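The structure appears right after this line, and notes come after that.
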Amino acid sequence: AAPWPGPRTTRPAPRPRSLTASRCPTSAQPRAKRKRARPAVEGKRLESRVRALWLRRRGKARGSVGWRTYLAYAQAAGAGLTAFVLLLFALSQATLLLSNYWMGVWAAASDQDEPRYSMVFTLLTATTVVFACLRSVLFYFANLRASSSIHNAALQHVLGTRLAFFTENPHGRILNRFSGDLEHVDDLLSQALHEVLDLGCTGAGTMVLVCMTVPPVIPVFCAMCWYMARLRSFAVRSMTELKRLDSVSRSPIFEYFAAAMRGLVCIRAFGREEAAQEKLTMILEQNGRAWFWWLITNRFLGFRLDVQVVLVMACSTFGGGAVRGLIEPELIGLAIMHVISLSGLFQFMVRQSALVESYMTSFERLSAYAALPAETDEGQATLAPSFPESGGIEVRELCMRYREDLPIVLRGVTFSCPGGVKVGLCGRTGSGKSSVFMALARLAEITAGSIAIDGVDISTIPLHVLRRCISWVPQDPTFFSGTLRENVDPFNEYSDDKVLGALHAVQMADSLGTECLNFQIAEQGSNFSAGERQLLSLARALLQRRRLLCMDEAFANVDFATDAKVQRAIRAMTDGVGATVLVVAHRVKTLADSDYIVVLDAGTTVEHGPPQHLLQAGGPYSRMVHQATDELDAGVL
Ligand SMILES: Nc1ncnc2c1ncn2[C@@H]1O[C@H](COP(=O)(O)OP(=O)(O)O)[C@@H](O)[C@H]1O
Ligand SMILES: [Mg+2]
C-alpha cells in the first residue's frame, strides 16, 4: 500500500488541507492558540507517517545487515578482485610481521654486520610498502566498482520496472536512494571498510606476535574480544535501524521541497511562505532526530568501549604489579604494552565495523532497487515487419487495475472498430477513458479480457513492438529542456521540412517564427501554455505517422477555431497513413466527425457504435449531444 495516502488509493482520503481551507479556519479558536497548535498536530501526523513508512520498510530489512548483503557487495566489486584485495591485506600484514621478526633475529645475531640481515630486512620492508600501496589502490578501485555497478543496476531496473512502482513511490523517495544512499556507499562506506580491514589485519598480526611472545595474555584478549563483540552486536542493532530510519525520513525532504517548488506560485499567491517553511523545517527535524539518535548510539558504543579499554589497562597494570615476583619483569612490561595498544586498536576497529554495518544499509536499499522486476517484454507472436497492417482494434470484456493493491478501474469494456477509422471515447470524468489507453499500451495490469490489434492479442506482442505502433498525445505532455526540434523529434529521425510540416499542421509554426526549430523549451515546457504544449505533443505524434494515434483530451485547452483547423490537419495526415485514431474529448464538437463512438461509465461500456445509430437510439451519447447543442444555443459554450 502507498505510504502517503493520496486521492488514488483505496484508503479513506485524508481531510483536505488545502491552502484556502487552512487560511479560512472555521473554528472559533483564538488565532494565537491555533498558530501554536498547528505545528504540533502536523508534527504528530508527520511522525506517524514516518513511523508507518519505517514499519513498512522494516518488514523487508530489519536489525543488523545480513551476510548476504556483504556477499552482494563483494560480488558487485567483483569476486576475484575482492579475494585479491583481501589477500593483499593479509600479505602486507604477513610481510610486516616477518620484517619485525627478522629485526629480532638481526638484533640477536652475533655478527650483526653480516649483509644478509640488512638485505632481507630491506626486501621485506619494500615488499610491505608495495603490498600496502597496491592493496589501498585496489581496495578503492573495488569500492568504486561496487558502487558504480549497484548504481547502474538500480538505475536500469528503476527505469525498466512497471509503471505502478512510480505511483507507489514518490519521486523524492527514489531521488533519495540515488543521492543520499549512493553517497554513503560511494564515500563513507569505503573509508570505514578500509579502516576495519586495516585495523583487523594489524590486530590479528599483533595478536599472533603476542601469543607467541607472552602466552599468558591470551585469556585476557579472549575475554576482551568476547565483551567487545557483545557490545558491538548490542549497539549495531540500534544503529542499523536508526540509519534506515535516517534514510527513510530523508525522502519526505526531497518530496516536499520538489512539491513546494512546483507549487511556488500557489504558495506565494496565498501568502503561505511561512507555513511552507515551517513544514519543511518540521520534516528536516524529523530526519535530524533519526540522525541525532544514530550519532548518540555511535557515541554510546564509543564511550562503553573506552570504559572497557580503561578497565583493561587498569587491570593489566595492577595485575602486572601483583605478579611481579612470579613472572619476569620484561615479560610483564611487554604484556602490559601489548594489552594497552591492542585494546585501543580493537576499540577503534569495533566502532568502525559498526559504522560499516550502518552504511551497508544504504547498499541494501540500493540492492532492493536493483532487484525490481522489469516489465515483461517478450511476446510469442510472430509478426510481420509491417505490423499492424490496418490498425483494427477489438476490446473484449477488458478489466484493468493500476496496481495489485488498488481496485479494478475497468470492469468489462467492450468495443471494436476496423482500421483507419476515428473512434471517439467519451464519458464522465473518472469513467476510465485514459485507462483504456493505459491498457492498450500495456502500461497497467490487464486482469481479465483482452485487446487485439489486427486480431493479435496485445499480451502476445513484444512490448517494444506494441509501443512502437502507438502514438500518444497525453493529457499532460512531457517536455525536456532543449530545443523545440529535440523535443518534437527526440531521436533525430526526420528532416527539418517534416518537423516544420508537423508544426504547421498543429498551427504552431507561425507563432514561433522562422527560427522555431531552435526555440529553447524550458524545463517541463513551462514557457508554453497548456494548450500550446498539447499542440506540440500532437506535432510529435503526427510526425511519427504510426498506425494508432491516441489523443487524450488533446484539445481541452485549445480554442474552437484552432481545434477545428487542427482536426482537419489530423484527418489529412492520418488518412494518408490509414491510421486508426482514438480520441478522448469532452467537447462533443471534437467527437463530431468520429466514425465510431464508445461511451464509458464507471469503467464499463454503456454504449458503442456509429454516432448516427447512437443518436437515433436516444441513449447517453444522444443526451450529451442534445445538452451540448442546448448550451451552444444558450451561449454557454
Ligand atoms: N495512475 C493511477 N493510479 C491509480 N488509479 C488511477 C490512476 N489513474 C487513474 N486512476 C483511477 O482510475 C479511474 C479512471 O481514471 P481515468 O481513466 O483517468 O478516467 P478518465 O480519463 O475517464 O477521466 C479513476 O477512478 C482514477 O481514480
Ligand atoms: Mg483522462
Side-chain angles (χ1 to χ4, degrees), residues 1-14 16 158 161-174 255 259 262 375 393 395 397-415 423-449 451 467 470-478 530-531 533-534 537-538 541 548-558 581-588 590-591 594 596-608 620-621 623-624 628:
W4 308 102
R8 280 175 178 163
T9 62
T10 46
R11 298 176 178 193
V158 165
T161 196
R162 290 165 301 146
L163 222 60
F165 171 79
F166 298 97
T167 52
E168 195 187 13
N169 293 282
H171 292 178
R173 194 181 302 163
I174 301 169
E255 284 158 31
R262 276 196 305 274
E375 281 185 309
I393 295 173
V395 181
E397 293 298 328
L398 177 69
C399 296
M400 188 212 92
R401 65 180 163 201
Y402 280 91
R403 277 204 320 261
E404 273 172 21
D405 55 327
L406 292 181
I408 291 189
V409 291
L410 295 183
R411 303 182 186 85
V413 173
T414 302
F415 67 88
V423 183
L425 287 148
C426 54
R428 296 175 57 178
T429 304
S431 56
K433 304 180 294 292
S434 303
S435 305
V436 171
F437 289 170
M438 297 288 280
L440 187 63
R442 270 176 49 202
L443 285 163
E445 187 193 356
I446 296 178
T447 54
I451 303 181
R467 291 185 185 161
I470 306 171
S471 284
W472 191 349
V473 185
Q475 264 174 302
D476 189 12
T478 306
R533 281 202 291 273
Q534 286 181 321
S537 172
L538 181 62
L548 295 173
L549 173 61
C550 300
M551 294 191 287
D552 194 351
E553 315 259 10
F555 309 103
N557 301 302
V558 176
V581 185
L582 290 133
V583 190
V584 167
H586 268 120
R587 285 183 202 151
V588 171
T590 310
L591 300 175
S594 302
Y596 202 83
I597 295 286
V598 180
V599 184
L600 298 176
D601 188 32
T604 53
T605 320
V606 186
E607 59 178 1
H608 58 103
Y621 179 68
R623 281 199 294 278
M624 265 173 65

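All figures in this text were calculated on a predicted structure; none of them were measured in a lab. Start at 1 and go down the list; that is how both ligands and their atoms are numbered. Along the sequence shown, the residues carry numbers beginning at 1.
- Here the straight-line distance linking atom CG of Asn169 with atom CZ of Phe165 works out to 4.0 Å at 0.5 Å rounding.
- Of the polar atoms of Val409, none of the N or O atoms is found under 3.5 Å from an N or O of ligand 1, judged by distance alone.
- One distance of note links CD1 of Ile597 with CG of Leu425; it measures 8.5 Å at 0.5 Å rounding.
- Look at Ser434 and the Mg ion (ligand 2): an N/O/S atom of the residue is under 2.8 Å from the metal.
- Contact between Ser431 and ligand 1 is present, with at least one heavy atom of the residue lying under 4.0 Å from the ligand.
- The distance criterion of under 3.5 Å between nitrogen or oxygen atoms is met by Gly432 with respect to ligand 1.
- Close approach to Leu406 involves these atoms of ligand 1, each under 4.0 Å from a residue heavy atom: 4 (C).
- Salt bridge status for Glu397 with Arg411: absent, with no side-chain N to carboxylate O gap under 4.0 Å.
- Contacts between Leu600 and ligand 1, counted as non-hydrogen atom pairs separated by less than 4.0 Å, are absent for every part of the residue.
- Atom CZ of Arg162 has 12 or fewer neighbouring heavy atoms from other residues, nucleotides or ligands inside a 6.0 Å radius.
- By the 30° and 60° cut-offs, the orientation of the rings of Tyr596 relative to Phe415 is tilted.
- When each atom of ligand 1 is checked for a heavy atom of Ser434 under 4.0 Å away, the hits are 17 (O), 18 (O), 21 (O).
- Every N/O-N/O distance between Thr167 and ligand 1 stays at or above 3.5 Å.
- Using modelled atom types and a 3.5 Å distance limit, the side chains of Ser431 and Asp601 yield no donor-acceptor pair.
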